[in-house]
Amino acid sequence: MIAEMKKPEEQEVSLGKKEGEEKFSEISSEMPKLLNHKEEKSMNKVQAKNVHCWYGDFHVLRDINMEIKQNTVTALIGPSGCGKSTFLRTFNRMNDLIEGFKLEGEVLIDNKDIFAKDVRVNELRKKVGMVFQKPNPFPKTIFENVAYGLRVNGVTHKKFIEETVERSLRQAALWDEVKDKLNKNALSLSGGQQQRLCIARAIAVEPSVVLMDEPASALDPISSAKIEDLIWELKPKYTILIVTHNMQQAARVSDKTAFFYLGDLVEYDDTKTIFTNPKKEQTQNYITGRFG
Amino acid sequence: MNLKERIIEGLLFLCAAVCVLTTVGIIAVLLFQTIEFFSEVPFSDFITDTQWTPLFADKHFGILPLLTGTLLTTLVALIIAIPLGLSIAIYLSEYASKQLRGYIKPMLEILASVPTVVYGFFALTVVTPLLQHIIPGLAGFNAISPGIVMGIMIVPFVSSLSEDAMYAVPNSMREASFALGASKFQTALKVIVPAASSGIMVSVILGFSRAVGETMIVALAAGQQPRLTLDPRVPIETITNYIVQVSMGDVPRASLEYKTIFAAGLTLFVITFVLNNISYFIRKKYRAQYE
Amino acid sequence: MNNERAKTLKDNIFKGWAIFATSVGMIMLAVLLIKIGMDGLHRISLDFFTALPSRKFEKAGILTAWAGTLWIMVTTALFAIPIGVGAGLYLEEYAKKSRWSSMLEINISNLAGVPSIIYGLLGLEVFVRFLHLGESILSGSLTLALLIMPIVIVSTREAIKTVPNTLREASYALGASKWQTVWMQVLPASAGGIMTGIILALSRAIGETAPLIVVGALTYVPFVPKSVFSSFTVLPIQIYNWASRPEAGFAVNAAAAIIVLMSITFLMNGSAVYLRNRWQKNVRW
Ligand SMILES: Nc1ncnc2c1ncn2[C@@H]1O[C@H](COP(=O)(O)OP(=O)(O)O)[C@@H](O)[C@H]1O
Ligand SMILES: [Mg+2]
């Protein structure tokens with residue numbers, strides 16, 4: 001409720017605040033690297049180099065280059081069908097499951113090519129969590145949903161699992177709402193709660209990158225605001241990529257914004273720049289709602 | 001004009017009513033003869049006597065040996081059909097490409113279309129001799145051989161219904177699981193199978209019901225010796241087999257022997273009726289769940 | 001990481017096992033076909049089709065058996081098709097969604113699950129005894145008609161469901177009555193699907209043995225049926241009879257008769273699948 005009421009007039013302010021926070025978080029978590037801080041490159045958590053993607057003959061992404069720093073939030077925006085989801089899903093190789101999908105170029109996480117032969121895709125996916133557009137909890141209990149990632153990755157220690165579940169639910173700002181009904185079916189939760197549960201589920205395996213594909217688009221405004229707050233909370237610990245259709249949301253939560261159009265990365269810059277002073281006309285048109 | 005329309009609707013209604021009449025007829029016929037049967041044989045004998053010898057001089061009317069015979073062959077069949085059927089379902093729904101599914105499904109359907117008397121012949125002339133090499137002391141007629149063949153016969157029933165249920169599990173479940181680093185097998189076992197459990201249950205129950213009512217395979221390969229045993233290596237007799245045996249002979253109508261096949265038949269009917277209705281209601285509920 | 005390796009290993013083991021599971025049925029079918037081919041193929045000749053049954057296996061043939069099967073098939077179809085399709089039409093086009101129609105639905109689903117031998121008991125009491133039709137082709141085919149009725153009804157309904165409502169509305173808009181719409185629009189539009197169901201149902205009936213034994217089909221019939229009131233035998237019963245005899249010569253006869261029976265069922269199933277595929281391709285809505 002409060003979060004929602006704050007929203008409209010605080011947009012400008014929050015952009016400013018974010019700037020500060022970004023620096024703070026970078027300093028705190030990147031301290032060792034900052035000490036010999038000339039190595040710009042090693043700070044790149046996620047990188048795409050000349051990435052092309054195809055579905056069969058359909059060339060969905062053309063020559064995408066992007067560098068994403070650790071503990072930042074990057075928003076991917078653009079009209080639907082422009083390839084945002086496809087791009088997002090290359091980082092945990094989710095597209096591998098689609099017949100006919102092909103990728104060229106390099107995708108690096110922690111300077112390691114994730115498509116290299118020796119990379120185990122399950123291992124990668126543990127490191128790169130994902131939250132989907134529609135909340136998709138498993139038809140299991142709340143507890144088992146969060147514990148799932150640990151269990152499939154071979155964790156059996158009961159105490160550890162319990163602690164992790166609690167911590168993840170707390171981080172996802174859901175603990176207080178569900179702590180008395182951990183053994184209830186997850187499907188009994190509301191849509192917004194389900195989505196926060198999915199976030200808890202994703203961070204329980206301690207990923208360092210979290211991908212979010214329109215995580216709030218299926219939710220009501222209040223739940224949506226809660227998710228946004230949550231993204232703020234998570235930023236110091238994770239590198240977050242978020243696809244969103246909602247311009248205000250992109251402006252509110254992200255440090256950097258990438259604008260995609262018909263398979264091209266048109267513009268990628270600080271969020272503030274994109275929204276106040278975009279270099280390309282297409283970007284300008286899109287964010288002012290002239291198309292899309 | 002209006003009259004013609006109404007006559008036609010009336011005729012079509014009668015066609016549909018034939019179904020109801022069939023059900024009524026089945027229940028009436030079975031009940032009527034069974035009640036007559038119980039006017040001569042005490043119900044307590046029927047359910048407690050451990051021998052079934054209506055065709056002998058020393059008559060006993062205990063259904064238990066036929067029941068255990070039926071359950072024994074059914075059990076063997078299910079032990080074969082459930083793991084095979086579910087594995088196939090998981091494979092087709094989670095692993096196989098669309099193209100492969102397109103090839104395998106019709107091939108499995110062929111299995112279900114082979115006349116059961118052919119399977120009976122196969123059990124008797126191929127499977128039993130083969131098993132006799134492996135299992136010492138296996139009689140020429142036994143519960144294992146027809147059970148195994150019956151199991152393979154009902155694999156398509158189990159696999160096709162459970163595959164439908166697994167296939168219907170939304171893809172977002174799979175993606176969520178993979179995104180957490182689960183393998184395909186883990187996803188299938190921990191997410192897909194539980195989510196499809198009601199459909200899987202329906203398929204198993206229908207397979208069960210199918211095996212209980214199967215006749216020709218057991219008639220050819222299980223023997224005709226009603227025997228209260230759980231040993232699958234010896235000749236036994238199932239309910240269906242007994243009905244065939246009596247029908248092949250010349251039993252006069254209105255004799256007690258004649259009535260026994262209806263009492264046995266009613267027992268069989270009740271079992272399958274209960275199973276079918278359980279599966280029907282699970283299916284109804286589960287359909288509602290997905291909508 | 002060890003856990004990852006274990007996961008991949010399990011995945012691969014399961015894949016191997018599943019491929020095995022899938023092939024078990026195929027292997028059995030292959031062995032079965034080879035077995036009956038080796039045993040029975042050499043026995044098949046013109047004589048085998050034209051000879052009467054005999055106590056000597058070298059002389060025995062399947063004339064009365066296939067003639068009986070043919071008689072049973074035709075008469076079963078005559079009963080099952082109009083009633084089954086009629087009932088399907090009633091349920092899809094006429095019956096209102098009510099307690100009665102949902103009761104009918106449960107009823108049909110139940111009938112589909114009744115063991116075939118129970119239908120035999122029904123036929124024995126109702127057709128053979130009560131209606132005094134005797135142990136005749138008529139009794140046998142009426143019994144089988146009831147047995148396959150659920151299959152015909154269900155496939156009729158499935159086929160009718162694919163007919164779009166716009167077709168009915170177009171017909172009504174031109175002033176057609178309900179029956180005219182059903183007869184001239186709905187039935188032709190769903191004919192392919194209904195035919196497929198009918199063929200599958202009949203191919204099921206051809207292989208049925210137990211209910212016919214119960215209604216009193218004979219195992220030894222030394223003459224070809226002359227009317228629907230004749231006593232009869234059918235191929236599966238002849239097979240059952242031969243297969244249950246101890247002499248090896250009869251097993252050969254059984255294998256040969258199985259070749260004939262399976263050729264018929266495969267042919268029917270094959271044409272049903274062909275029809276279904278063709279029909280589904282033609283459906284354009
Ligand atoms: N599995 C697929 N097979 C073929 N084409 C696809 C598939 N998924 C998406 N596409 C196509 O690729 C394009 C980009 O899709 P997507 O990445 O989902 O866009 P966005 O998320 O930006 O809306 C769209 O034109 C879409 O139709
Ligand atoms: Mg998308």
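Just so we're on the same page: letters track the sequence lines, and every chain starts at 1. These figures come from a predicted structure and were not determined experimentally.
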If we define contacts as heavy-atom pairs under 4.5 Å, which of Gly207(C), Gly216(C), Gly113(C) has the most with chain B? Gly113(C)
Does any backbone or side-chain atom of Leu200(C) lie under 4.5 Å from a heavy atom of chain B? Answer side chain, backbone, both or neither. neither
Non-hydrogen atoms of chain B under 4.5 Å away: do they reach the side chain of Ser109(C), the backbone, both or neither? side chain
When the 4.5 angstrom heavy-atom criterion is applied to Phe141(B) and chain C, the contacting part is neither
Against chain B, label Ile213(C) side chain, backbone, both or neither, depending on which of its atoms sit under 4.5 Å from a heavy atom there. both
Top residue by heavy-atom pair count (under 4.5 Å) with chain B, among Leu121(C), Ile258(C), Asn241(C)? Leu121(C)
Under 4.5 Å from any heavy atom of chain C, what part of Met107(B) do you find: side chain, backbone, both or neither? both
Shorter than 4.5 Å, heavy atoms on both sides: which option in Gly84(C), Ala112(C), Ala21(C) has the most such pairs with chain B? Ala21(C)
When the 4.5 angstrom heavy-atom criterion is applied to Leu84(B) and chain C, the contacting part is both
Between Pro115(B), Ala17(B), Gly213(B), which has the largest tally of heavy atom pairs under 4.5 Å with chain C? Pro115(B)
Is it true that the side chains of Thr233(C) and Gln238(C) contain a donor and an acceptor less than 3.5 Å apart? no
Toward chain C, the part of Val155(B) with a non-hydrogen atom under 4.5 Å: neither
Applying a strict 4.5 Å limit to non-hydrogen atoms, the region of Thr265(C) in contact with chain B is side chain
Check each atom of Met262(C) against the heavy atoms of chain B and say whether the ones under 4.5 Å are side chain, backbone, both or neither. side chain
Which atoms of Pro82(C) are under 4.5 Å from chain B, going by heavy atoms: the side chain, the backbone, both sets, or neither? backbone
Classify the side-chain pair Ser116(C)/Glu208(C) by whether it contains a donor and acceptor separated by less than 3.5 Å. yes
Using modelled atom types only, decide if a donor and an acceptor are shared between the side chain of Gln245(B) and the backbone of Tyr242(B) within a distance under 3.5 Å. no
Let me know if Trp17(C) has heavy atoms under 4.5 Å from chain B in its side chain, its backbone, both or neither. side chain
Under a 3.5 Å cutoff, is there a donor and acceptor pairing between the side chains of Thr22(B) and Tyr119(C)? no
Identify whether the distance between the nearest side-chain nitrogen and carboxylate oxygen of Glu9(B) and Arg6(B) falls below 4.0 Å. no
Ranked by heavy-atom pairs below 4.5 Å to chain C, first place among Tyr91(B), Tyr95(B), Phe32(B), Phe269(B) goes to Tyr95(B)
Is Ile26(B) in contact with chain C via its backbone, its side chain, both, or neither, using a 4.5 Å heavy-atom distance? both
Please step through side chain to side chain donor-acceptor pair (under 3.5 Å) for the pair Ser177(B) and Thr187(B), ending with a clear verdict. CA-CA 6 Å; Ser177(B) 174; Thr187(B) 304; 2.9 Å; yes
Per-residue contact mode, Glu214(B) against chain C (heavy atom under 4.5 angstrom): neither
Examine distances only and state if a side-chain atom of Glu5(B) and a backbone atom of Ser177(C) form a donor-acceptor pair shorter than 3.5 Å. no
Per-residue contact mode, Ser209(B) against chain C (heavy atom under 4.5 angstrom): side chain
Taking side chain as everything from C-beta outward and backbone as N, CA, C, O, which of these in Leu32(C) sits under 4.5 Å from a heavy atom of chain B? Side chain, backbone, both or neither. both
Given a strict heavy-atom distance threshold of 4.5 Å, which part of Thr240(B) is in contact with chain C: side chain, backbone, both, or neither? both
Of all heavy-atom pairs linking Ala254(B) and Lys259(B), the shortest is O-NZ, 3.4 Å
At a heavy-atom distance under 4.5 Å, which candidate from Asn110(C), Val85(C), Leu122(C) has the highest pair count against chain B? Asn110(C)
Report yes if some heavy atom in the side chain of Glu163(B) is under 4.5 Å from a heavy atom in the side chain of Ile88(B); otherwise report no. no
For Val186(C) versus Glu93(C), what's the shortest heavy-atom pair and its separation? CG1-OE2, 3.7 Å
Contacting moiety of Val182(C), where chain B heavy atoms sit under 4.5 Å: neither
Segment of Ile8(B) engaging chain C (4.5 angstrom heavy-atom cut-off): side chain
Among Pro83(B), Gly265(B), Ser113(B), Gly25(B), which residue has the highest count of heavy-atom pairs closer than 4.5 Å to chain C? Ser113(B)
Side chains of Ser203(B) and Ser162(B): is there a donor and an acceptor less than 3.5 Å apart? yes
Please tell me whether Glu105(C) and Ser102(C) have a donor and an acceptor in their side chains that are separated by less than 3.5 angstrom. no
Counting only non-hydrogen atoms closer than 4.5 Å, does Ile106(C) touch chain B with its backbone (N, CA, C, O), its side chain (CB onward), both, or neither? both
Does any backbone or side-chain atom of Leu104(C) lie under 4.5 Å from a heavy atom of chain B? Answer side chain, backbone, both or neither. side chain
When heavy-atom pairs shorter than 4.5 Å are enumerated against chain C, which of Phe121(B), Tyr119(B), Phe281(B) gives the highest number? Phe121(B)
Which portion of Val18(B) sits near chain C, non-hydrogen atoms under 4.5 angstrom: side chain
Cut-off 4.5 Å, heavy atoms of chain C, and the answer for Ala219(B) is both
Would you please test Met166(B) and Val193(B) for side chain to side chain contact (heavy atoms under 4.5 Å, CB included) and show each step? CA-CA 7 Å; Met166(B) 293 181 196; Val193(B) 168; 4.2 Å; yes
Examine whether an atom of Lys35(C) lies under 4.5 Å from a heavy atom of chain B, and if so say whether it belongs to the side chain, the backbone or both; otherwise answer neither. side chain
Taking side chain as everything from C-beta outward and backbone as N, CA, C, O, which of these in Tyr280(B) sits under 4.5 Å from a heavy atom of chain C? Side chain, backbone, both or neither. side chain
Quick check on Ala217(C) against chain B: is it the side chain, the backbone, both or neither that has a heavy atom closer than 4.5 Å? neither
What part of Phe14(C) is in contact with chain B, defined as an atom under 4.5 angstrom from a non-hydrogen atom: side chain, backbone, both or neither? side chain
Quick check against the 3.5 Å criterion: does Asp11(C) have a side-chain atom that pairs as donor or acceptor with the backbone of Phe185(B)? yes
Which of Ile237(C), Leu146(C), Leu111(C) touches chain B most, by non-hydrogen pairs under 4.5 Å: Leu111(C)
The interface call for Leu108(B) against chain C, heavy-atom contacts under 4.5 Å, is both
In terms of heavy-atom pairs under 4.5 Å with chain B, which of Phe130(C), Trp242(C), Trp100(C) leads? Trp100(C)
Does Lys184(B) use its side chain to pair, donor to acceptor, with the backbone of Thr8(C) at less than 3.5 Å? no
